[in-house]
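Data block below; observations after.
Quantities reported herein were computed from a predicted structural model and do not represent experimental measurements.
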Amino acid sequence: MDTAKQRSATFKKILNVTSGNFLEQYDFFLFGFYATYIAAKFFHSENEYVSLMMTFTVFAAGFLMRPLGAIFLGAYVDKVGRRKGLIVTLSLMAIGTILITFVPSYDAIGIIAPILVVIGRLLQGFSAGVESGGVSIYLAEIATDKNRGFITSWQSGSQQIAVVFAALLGYWLNNILTHAQVSDWGWRIPFLIGCLIIPLIFVFRRTLEETEDFKAQKTHPTSKEIFQTLMSNWRIVLAGMMMSAMTTTTFYFITVYTTVYAKRTLEMSITDSLLATVFVGLSNFFWLPMGGLLSDKIGRRPVLVGITTLAIFTTYPVLSWLVGHISFINLIIALGYFSFLFGMYNGTMVATLAEVMPKRVRTVGFSLAFSLAAAIFGGMTPMACTFLVEHTGNASTPAFWLMLAAVCSLISSLYLCRGSKKTETKISPESIEIKA
């Protein structure tokens, strides 16, 4: 096959697999985008802070389901194949989204309403637990050692399209509907659109080709063998979780939490916060492949260590500057900086995490590490940041949460990519394999 045909075939595979990732992530973080409206409809309280914290707790609960989804669905994907497994995850996400979209309010059916919303959120979390890992591993396995960073960066790249789409949709709704209409029923429209897209994504997933790496395996491990291999490699999983901490924390801070932070803490309009989120998605979309490309050229370790170190020492000054000089332009500048940190780091981190996982448990290992980070760091980000601001009275304190995640990722990056400054990893059959 000539180069042009190879590129065309690779592009088609990337499009097919990331289209489902787009929908899953779109549906998953819509809950955070419309947290204030969901709080008013399903989690009644006279105190706005309490109501919002209840909603963010349910948001976090979805992340707590992700490790379970990573273990059970990840093992299923490693056993039956990438294609079949990714169709199952899409089905579960669809059910959860439909529940949240159509459940009547608390005023209409009482306590059953928040219970159903929680169930829908848990289903979304269970599904999302393996979606990012499944897509990342698929992309890593169709890539080569020379372009794996660039190719795998499109897993998160598809999520940024979802961010932009959801934010633009929210901006449009807030311009054509009154605040009361959005609060009453308008917030359901983005969820409904997600439901309508589902059949199209199923078509994409059904045409997905299995990876050559998976087909080349003469035997596929049983569930028992997968769990045994996973347990024997617990250090890699733990280190992978810590390495993913900065990615999940920064992403949910600059996307999901931005709408609440800008509106409630910085007292900006909802339209300004949504426009800022559109900018973040576009900025992320640019920096992610840049990070992947750079890591392909100079190695994973320099990028991972450099970006985490930069985050540790600059996050608080940047956020303090924003709080002291509040304006829409300054919000864009601050978010642009955090977007640079996220994109460069994540564009490198995804390939690294795929490369260090043992081949027979590559999907479940990656998914579990990433899901644990999402549950402990990413999913807790809106709640932790809201708590810090409320109890300190200092709008800059969310920086400490981001810095903690960066410290964890720095330590893990030094451990997983130990060696020379140009150390880079490659896909390894059973354990970490370092290539200087």
If I compare all heavy atoms of C195 with all of I98, which pair ends up nearest, and what's the gap? SG-CG1, 3.7 Å

For the backbone of W321 and the side chain of H325, can you confirm whether one donor and one acceptor N or O come within less than 3.5 Å of each other? yes

Minimum heavy-atom separation for T308 to M246, with atom names? CG2-SD, 3.7 Å

Evaluate the side-chain proximity of L331 to D272: yes if any heavy-atom separation is below 4.5 Å, no if none is. no

Do I376 and M241 make a side-chain contact, defined as non-hydrogen atoms from C-beta onward lying under 4.5 Å apart? yes

Have Q160 and S156 got a donor and an acceptor in their side chains that come within less than 3.5 Å? yes

List the steps, then state whether side-chain hydrogen bond (donor to acceptor under 3.5 Å, both in side chains) holds for N394 with T397. CA-CA 6 Å; N394 182 354; T397 50; 5.4 Å; no

Side chains of P398 and V389, heavy atoms from C-beta outward: is any pair under 4.5 Å? yes

Backbone N/O of A351 and side chain of R148: donor-acceptor pair under 3.5 Å: no

Drop me the distance from L294's CG to S153's OG, to the nearest 0.5 angstrom. 12.0 Å

Any non-hydrogen side-chain atom of L173 less than 4.5 Å from a side-chain atom of W187? no

In Å and rounded to the nearest 0.5 Å, what is the CG to CD1 distance from L353 to I137? 7.0 Å

Quick check for you: to the nearest 0.5 Å, what is the distance between F253 atom CZ and T315 atom OG1? 9.0 Å

What are the two closest heavy atoms between V323 and I326, and how far apart are they? O-CG1, 3.4 Å

Should we count OH of Y316 as having more than 12 external heavy atoms under 6.0 Å? yes

Please evaluate residues F342 and V280 with respect to the criterion side-chain contact (heavy atoms from CB on, under 4.5 Å), reporting the C-alpha separation (whole Å), side-chain torsions for both, the decisive distance (0.1 Å), and the verdict. CA-CA 10 Å; F342 163 76; V280 165; over 6 Å; no

Can you tell me how far the CG atom of L293 sits from the CG atom of N147, to the nearest 0.5 Å? 9.0 Å

For A311 and A406 the tightest heavy-atom approach is CB-CB, 3.9 Å

List for me each residue that meets side chain to side chain contact (heavy atoms under 4.5 Å, CB included) alongside M65, sequence neighbours excluded, and say none if there are none. L68, L122, F126

Working to the nearest 0.5 Å, report the span between CZ of F150 and CG of D296. 9.0 Å

In the structure I gave you, are the side-chain heavy atoms of C417 and T352 within less than 4.5 Å of one another anywhere? yes

Side-chain (T348) to main-chain (G292) donor-acceptor, under 3.5 angstrom: no

Applying side-chain hydrogen bond (donor to acceptor under 3.5 Å, both in side chains) to Y337 and T314, what does each step give before you reach the verdict? CA-CA 10 Å; Y337 178 70; T314 62; 2.5 Å; yes

Over all atoms of both residues, closest heavy-atom pair of S244 and A373: CB-CB, 3.5 Å

Check whether S371 reaches the backbone of S367 with its side chain - one donor and one acceptor, N or O, closer than 3.5 Å. yes

Going by heavy atoms in the side chains, are N284 and V163 under 4.5 Å from each other? no

Taking it one step at a time, do F370 and T247 satisfy side-chain contact (heavy atoms from CB on, under 4.5 Å)? CA-CA 9 Å; F370 193 84; T247 280; 4.1 Å; yes

Could you check whether S295 and R300, counting side-chain N and O atoms only, form a donor-acceptor pair closer than 3.5 Å? yes

Please assess I254 against T277 for the test side-chain contact (heavy atoms from CB on, under 4.5 Å), listing each intermediate value before the final yes or no. CA-CA 7 Å; I254 62 178; T277 307; over 6 Å; no

Can you sort out the partners of I332 under side chain to side chain contact (heavy atoms under 4.5 Å, CB included), two or more places apart, ordered by chain and number? A276, F279, F328

Do the non-hydrogen side-chain atoms of M242 and Y415 ever get within less than 4.5 Å of each other? no

Reported CG-to-CD1 distance for the pair N346 and I307, which is rounded to 0.5 angstrom: 11.5 Å

If we count only N and O atoms by modelled type, under 3.5 Å, do the side chains of T18 and S158 hold a donor and an acceptor together? no

Where A167 and V278 come nearest, the two heavy atoms and their spacing: CB-CG2, 3.5 Å

Please assess Y345 against S413 for the test side-chain contact (heavy atoms from CB on, under 4.5 Å), listing each intermediate value before the final yes or no. CA-CA 11 Å; Y345 183 81; S413 296; 3.6 Å; yes

Could you tell me if the ring centre of Y257 sits under 6.0 Å from that of Y252? no

Are any of the side-chain heavy atoms of F387 and E390 separated by less than 4.5 Å? no

No-hydrogen, no-angle side-chain donor-acceptor test under 3.5 Å, S339 and W287: no

